[in-house]
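See below for the structure under consideration.
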Amino acid sequence: MKLTVKELAERLNCPFEGDGTVLITGVASLEKAKSGDLVFLAKPKSRELLEKTGASAAILPPGEKFDRIPVLRADNTHLAFVRATEIFNRPYRPEPGIHPAALVSGSAKIGPQVSIGAFCVVGDDVEIGESAVIFPLVTIYPRVKIGARTVVHSNTSLREGVRIGSRVIIHNGVVIGADGFGYLRSDDGTHIKIPQVGTVVIEDDVEIGANTTIDRAALGETIVRKGTKIDDLVMVAHNVEIGENAILVAQVGIAGSSKVGRSTILSGQVGVADHVDVGDNVIIAAKSGVTKNIPSGSFISGSPHLDIRDWRKFWALAPQLYDIVKDFKKLKARFEELEKSLKK
Amino acid sequence: MKLTVKELAERLNCPFEGDGTVLITGVASLEKAKSGDLVFLAKPKSRELLEKTGASAAILPPGEKFDRIPVLRADNTHLAFVRATEIFNRPYRPEPGIHPAALVSGSAKIGPQVSIGAFCVVGDDVEIGESAVIFPLVTIYPRVKIGARTVVHSNTSLREGVRIGSRVIIHNGVVIGADGFGYLRSDDGTHIKIPQVGTVVIEDDVEIGANTTIDRAALGETIVRKGTKIDDLVMVAHNVEIGENAILVAQVGIAGSSKVGRSTILSGQVGVADHVDVGDNVIIAAKSGVTKNIPSGSFISGSPHLDIRDWRKFWALAPQLYDIVKDFKKLKARFEELEKSLKK
Amino acid sequence: MKLTVKELAERLNCPFEGDGTVLITGVASLEKAKSGDLVFLAKPKSRELLEKTGASAAILPPGEKFDRIPVLRADNTHLAFVRATEIFNRPYRPEPGIHPAALVSGSAKIGPQVSIGAFCVVGDDVEIGESAVIFPLVTIYPRVKIGARTVVHSNTSLREGVRIGSRVIIHNGVVIGADGFGYLRSDDGTHIKIPQVGTVVIEDDVEIGANTTIDRAALGETIVRKGTKIDDLVMVAHNVEIGENAILVAQVGIAGSSKVGRSTILSGQVGVADHVDVGDNVIIAAKSGVTKNIPSGSFISGSPHLDIRDWRKFWALAPQLYDIVKDFKKLKARFEELEKSLKK
């Protein structure tokens with residue numbers, strides 16, 4: 001793919017300055033850009049990198065003066081750069097068609113332009129919507145439904161009856177619909193399995209990172225709502241419900257029946273206990289352990305969790321505490337001496 | 001599956017009250033139940049949900065008055081409901097037989113009624129007990145032994161020589177028997193691999209959640225004893241030994257050569273350091289980090305861990321600490337002023 | 001494999017004492033050794049186990065007196081034992097050759113003596129170096145490069161264009177090169193995917209544990225340098241760079257664009273925030289959360305992290321703090337009483 005600065009500016013719907021005939025062949029970071037690359041200025045403090053960049057054109061915000069190379073103007077430079085990246089870098093997708101080495105049940109309904117890779121197993125009564133891409137070595141148990149244009153990467157398992165929306169991206173090694181973790185303890189100490197007979201619903205436009213696991217409900221549904229993005233190695237337990245446009249960073253774990261509100265951000269390695277209700281637009285700092293309901297709009301940190309301001313105050317003290325306690329003990333001794341001397 | 005209340009009561013060995021001819025076709029939660037569903041009352045506080053349920057019959061404890069719909073009586077309502085769930089919802093299992101697209105070594109010993117799915121690879125000298133179910137796309141390295149009625153879900157890897165008991169359930173993406181993490185550091189800073197030549201033993205009735213990893217021993221065996229239940233994304237390192245009927249919740253990690261006693265519960269995201277001995281019937285709260293031996297019967301929390309009472313006392317103080325320290329500094333100033341005034 | 005003590009001593013280049021004709025057939029731990037086994041003494045405190053061992057020969061340090069069984073002498077007994085273990089226990093490796101049930105693109109370049117297992121998918125323009133071993137059910141997307149003698153275990157996915165060095169060991173279920181986790185938030189609250197068009201570079205002699213995920217860079221490369229060892233269920237995010245001979249213990253997570261220096265050790269369940277620079281030869285204790293740059297040579301612990309000495313001082317106080325605060329409140333009351341009495 002090669003575009004002149006002028007052609008690229010038209011496709012991005014951006015004004016440009018400088019030589020519109022310069023050829024652009026790709027995108028890069030300011031540091032690594034070479035001739036032919038397009039770059040963008042994310043933050044004013046990267047200005048120095050811009051001065052030295054080897055790029056052939058740059059996307060800059062209005063008012064940022066620069067004319068060594070052609071400049072495209074955008075209010076949101078990062079967004080314009082994302083669109084440019086999409087022009088130059090199509091993600092790898094195999095051709096449509098069912099690979100002859102895939103095993104697809106005769107009762108499965110496969111939409112037009114679907115790609116199913118080698119050594120996939122597609123069970124009875126599965127439905128796959130148009131233009132979906134199933135990479136090789138994916139196991140799709142019976143009765144799974146997959147929406148249009150959804151992409152499922154290799155070595156993923158979709159268990160019986162789970163429902164996946166449209167335009168979902170599922171990375172490699174993901175497991176959706178394995179049994180939830182539920183047992184009754186019997187008197188002899190053994191654990192009796194509670195059958196996990198519910199399912200999982202993944203709504204449209206969700207993305208799920210590599211080796212993440214989302215368990216099926218005991219009864220009913222585990223739900224991940226529209227637009228939510230989940231990173232790698234995340235664990236979503238049975239009967240959890242995650243609102244729209246939430247963010248679950250890597251290695252987050254959410255225990256059974258908890259709810260996470262819309263646009264809430266769970267940072268890396270956060271844990272949420274079972275039967276907890278986390279509101280909308282909450283921010284939970286990395287490694288926090290959530291054990292109580294969290295009102296919408298909160299920003300919390302820690303395990304146990306505190307409001308972020310209390311958490312910061314507490315931990316600002318922590319390294320001084322040893323000396324403060326020493327100081328206290330000295331004060332106590334001085335006080336007792338004083339008391340004694342006064343009693344005399 | 002359809003049963004009358006009378007037939008169901010007989011199969012569950014429960015007395016019933018009301019119209020025994022009402023047809024039951026499934027189970028559901030109190031909130032979601034529709035006509036034909038059976039529900040149960042777990043806790044007195046769910047009574048309100050029971051009043052409004054759309055279910056056709058309910059399992060209630062003796063003495064709980066209710067006659068709007070037929071009632072089955074059980075001391076342990078949840079257990080009776082589990083048994084009912086098993087009647088109405090058989091878990092999905094493929095038919096017995098070796099799929100023609102599976103590759104099974106000629107030296108493997110496959111018991112009667114075993115199911116081996118498409119694109120499985122079963123190595124030399126593997127033994128699989130009767131009625132075991134191996135879902136598609138499972139890799140079984142040479143010399144693995146799998147007991148009767150064990151179920152192994154898709155995309156799982158069982159490494160050379162590991163031994164799995166009977167009635168074990170292994171969910172998708174599990175790895176049993178990958179090399180333990182052991183190195184000697186050489187003088188030039190490189191790490192020399194310590195060969196991991198031991199194995200893994202999973203005893204009967206264990207369940208292992210999706211994408212969990214259990215490493216082979218350096219020498220000898222990593223052992224998970226009978227009846228232990230392991231959730232998703234758990235990491236069990238080399239030479240660990242886990243007692244009977246233990247519970248390892250999601251994302252727990254146990255480092256090399258540590259022991260976990262019988263009926264001990266490790267809550268979500270707990271970490272156990274290497275060469276640590278955790279006793280029987282211990283409860284470790286979520287996110288705790290265990291660095292020392294823990295006596296049987298303990299209940300601990302935190303990282304570093306404290307007895308649960310000390311942990312609660314400490315964290316009850318934490319949000320007040322900033323003000324307490326301010327208070328202390330004021331007191332110190334007042335004291336010094338007093339001291340000064342007395343010296344005059 | 002059977003060797004006399006004399007033959008073994010020659011192969012290990014160690015002097016020996018006692019009967020050189022004794023036959024050695026394997027290695028074992030002091031506790032579990034039987035006739036025919038070789039053992040070693042790791043620490044003086046294991047001397048008691050040595051006295052009772054059932055082994056047929058032992059590797060001991062110079063000066064450690066023992067003559068009940070033949071003794072091989074080595075300054076580094078563990079290293080000599082590792083070499084002996086390698087003699088008696090060759091790791092399982094399938095025969096060279098491309099399995100007829102593997103699908104290898106016609107444009108892939110496969111070196112001599114390579115083994116590719118059943119149901120592997122090897123994409124266009126992949127290159128695999130000599131004597132590499134690809135176990136069954138591995139997905140290798142187009143343009144991946146794999147060095148000589150590298151081993152890739154089953155159910156692993158190597159995404160488009162990632163580059164793996166020589167003598168790398170990749171355990172089962174690993175995902176290398178899935179998309180990094182990057183989004184722009186739009187005004188309506190939805191998340192716009194930032195295309196992840198970079199790649200991953202794994203240098204020579206790296207080992208990667210089961211179900212670990214290493215994401216591709218947004219632009220440029222995620223890099224794991226030569227000799228670094230990574231345990232199971234670790235998450236390395238996009239654009240991270242890990243120095244040579246680092247150690248990442250199980251369930252570590254490193255967020256985007258962070259750097260980890262050479263020979264640095266991240267203990268189990270450590271989290272590193274994004275855009276953080278961790279120096280060389282740093283030790284980070286288990287479960288720590290790293291949010292700031294860490295100078296080389298540091299030893300830190302906690303979340304938030306403190307220097308290990310401060311962390312120890314703080315936590316030594318923690319269980320006493322409740323009583324200290326009570327004591328403080330008493331002192332304050334006594335002080336106020338004193339003050340009052342003086343004012344009279």
Side-chain angles (χ1 to χ4, degrees), chain A residues 103 119 121 137 139 141-142 155-157 159-161 173-175 178-179 181 183-184 186 189-197 211-213 215 218-220 233 235 237 251 253 255 269 271 273 287 289 291 302-304 306-307 310 313-314 316-317 320-321 324 327-328 331 334-335 338 342, chain B residues 27-29 31-32 76 78-79 82 85-86 88-89 91-92 99 101 117-119 135-137 153-155 169 171-173 205 207 209-211 227-229 231-233 244-245 247 249-251 262-263 267-269 286-287 302-303 315 318-319 321-322 325 328-329 331-332 335 338-339 342:
Chain A
L103 274 170
F119 310 130
V121 176
L137 292 155
T139 320
Y141 283 55
N155 293 300
T156 283
S157 296
R159 289 279 295 266
E160 58 273 28
V174 168
V175 179
D179 284 1
F181 194 67
Y183 303 91
L184 291 177
S186 61
T190 60
H191 304 288
I192 298 162
K193 184 174 174 66
I194 300 174
Q196 304 290 307
V197 303
N211 284 351
T212 279
T213 67
D215 283 358
L219 296 169
L233 291 170
M235 197 293 181
Q251 295 175 321
Q269 298 183 336
K287 282 190 161 292
T291 53
S303 178
L306 302 171
D307 177 85
D310 289 334
K313 278 156 73 176
F314 174 75
L317 269 184
Q320 311 163 31
L321 198 63
I324 292 169
D327 215 20
F328 163 67
L331 183 69
R334 282 162 68 190
F335 175 80
L338 177 68
L342 289 173
Chain B
V27 299
S29 63
E31 298 94 316
K32 302 258 171 94
N76 187 335
H78 202 165
L79 183 58
V82 162
T85 306
E86 289 168 347
F88 289 104
N89 300 270
Y92 166 66
H99 194 285
F119 311 131
F135 275 84
L137 293 155
H153 281 280
S154 66
N155 294 299
I169 302 172
H171 289 280
N172 312 72
D205 300 304
E207 184 161 0
N211 284 349
T228 281
K229 308 299 181 184
D231 202 349
D232 299 357
L233 291 169
E244 289 185 16
N245 298 323
I247 293 281
V249 179
Q251 296 175 321
R262 63 164 62 202
S263 297
S267 306
Q269 300 183 338
K287 283 189 162 292
S303 177
W315 284 107
L321 198 63
Y322 182 85
V325 167
F328 163 66
K329 287 180 177 168
L331 183 70
K332 192 178 162 191
F335 175 80
L338 177 69
E339 221 178 23
L342 288 173

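Chain identifiers are assigned alphabetically (A, B, ...) following the order of the sequence lines, protein sequences preceding nucleic acid strands; residue numbering begins at 1 within each chain. Because the structure is predicted, anything quoted here is derived from the model rather than measured.
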Per-residue contact mode, A:L317 against chain B (heavy atom under 4.5 angstrom): side chain
Heavy-atom check, side chain of A:V175 versus side chain of B:D232, under 4.5 Å: no
Which atoms of B:A28 approach chain A - backbone, side chain, both or neither, heavy atom under 4.5 Å: backbone
Minimum side-chain heavy-atom gap A:T139-B:H153 below 4.5 Å: no
Segment of B:E86 engaging chain A (4.5 angstrom heavy-atom cut-off): both
Flag, side chain of B:N211 to backbone of A:N211, donor-acceptor distance under 3.5 Å: yes
Over all atoms of both residues, closest heavy-atom pair of B:K287 and A:S303: CD-OG, 3.6 Å
Part of A:D327 within contact of chain B (heavy atom distance under 4.5 Å): both
Contacting moiety of A:Y183, where chain B heavy atoms sit under 4.5 Å: side chain
Check: B:H99 and A:L103 side chains under 4.5 Å, non-hydrogen atoms: yes
Segment of B:F119 engaging chain A (4.5 angstrom heavy-atom cut-off): side chain
Heavy-atom proximity to chain B below 4.5 Å, by part of A:R159: side chain
Approximate separation, where rounding is to 0.5 Å, of A:F335 CZ and B:E339 CD: 11.0 Å
Distance in Å, B:K229 NZ paired with A:K193 NZ, rounded so as to fall on 0.5 Å steps: 7.5 Å
Residue part contacting chain B, namely of A:T156, when any heavy atom lies under 4.5 Å: backbone
Contact leader toward chain A among B:N89, B:V82, B:L342, B:N172, where contacts are heavy-atom pairs under 4.5 Å: B:N172
Top contributor to chain A contacts, counting heavy-atom pairs under 4.5 Å, from B:G227, B:S263, B:G173: B:S263
Pairwise side-chain contact, B:D231 with A:M235, heavy-atom cut-off 4.5 Å (strictly under): yes
Chain A interface, residue from B:L233, B:T85, B:L338 that has the most non-hydrogen pairs under 4.5 Å: B:L233
Side-chain touch A:D179/B:E207, heavy atoms, less than 4.5 angstrom: yes
Which of B:H78, B:K32, B:K329 touches chain A most, by non-hydrogen pairs under 4.5 Å: B:H78
Distance in Å, A:K313 NZ paired with B:L321 CG, rounded so as to fall on 0.5 Å steps: 11.0 Å
Most chain A-contacting option - heavy-atom pairs closer than 4.5 Å, from B:I247, B:N76, B:I169, B:L79: B:I247
For the student: nearest non-hydrogen atoms of A:Y141 and B:S154, plus distance: OH-N, 3.3 Å
Which portion of A:I324 sits near chain B, non-hydrogen atoms under 4.5 angstrom: both
Pairs of heavy atoms under 4.5 Å with chain A: top-ranked of B:F88, B:F328, B:F135: B:F328
Proximal component of A:S186, with respect to chain B [non-hydrogen, under 4.5 Å]: neither
Toward chain B, the part of A:L306 with a non-hydrogen atom under 4.5 Å: side chain
Donor-acceptor pair between A:S157 and B:N155 side chains, under 3.5 angstrom: yes
Taking every non-hydrogen atom, the tightest pair across B:H171 and A:A178: ND1-CB, 3.9 Å
Structural part of B:Y92 lying under 4.5 Å from a heavy atom of chain A: both
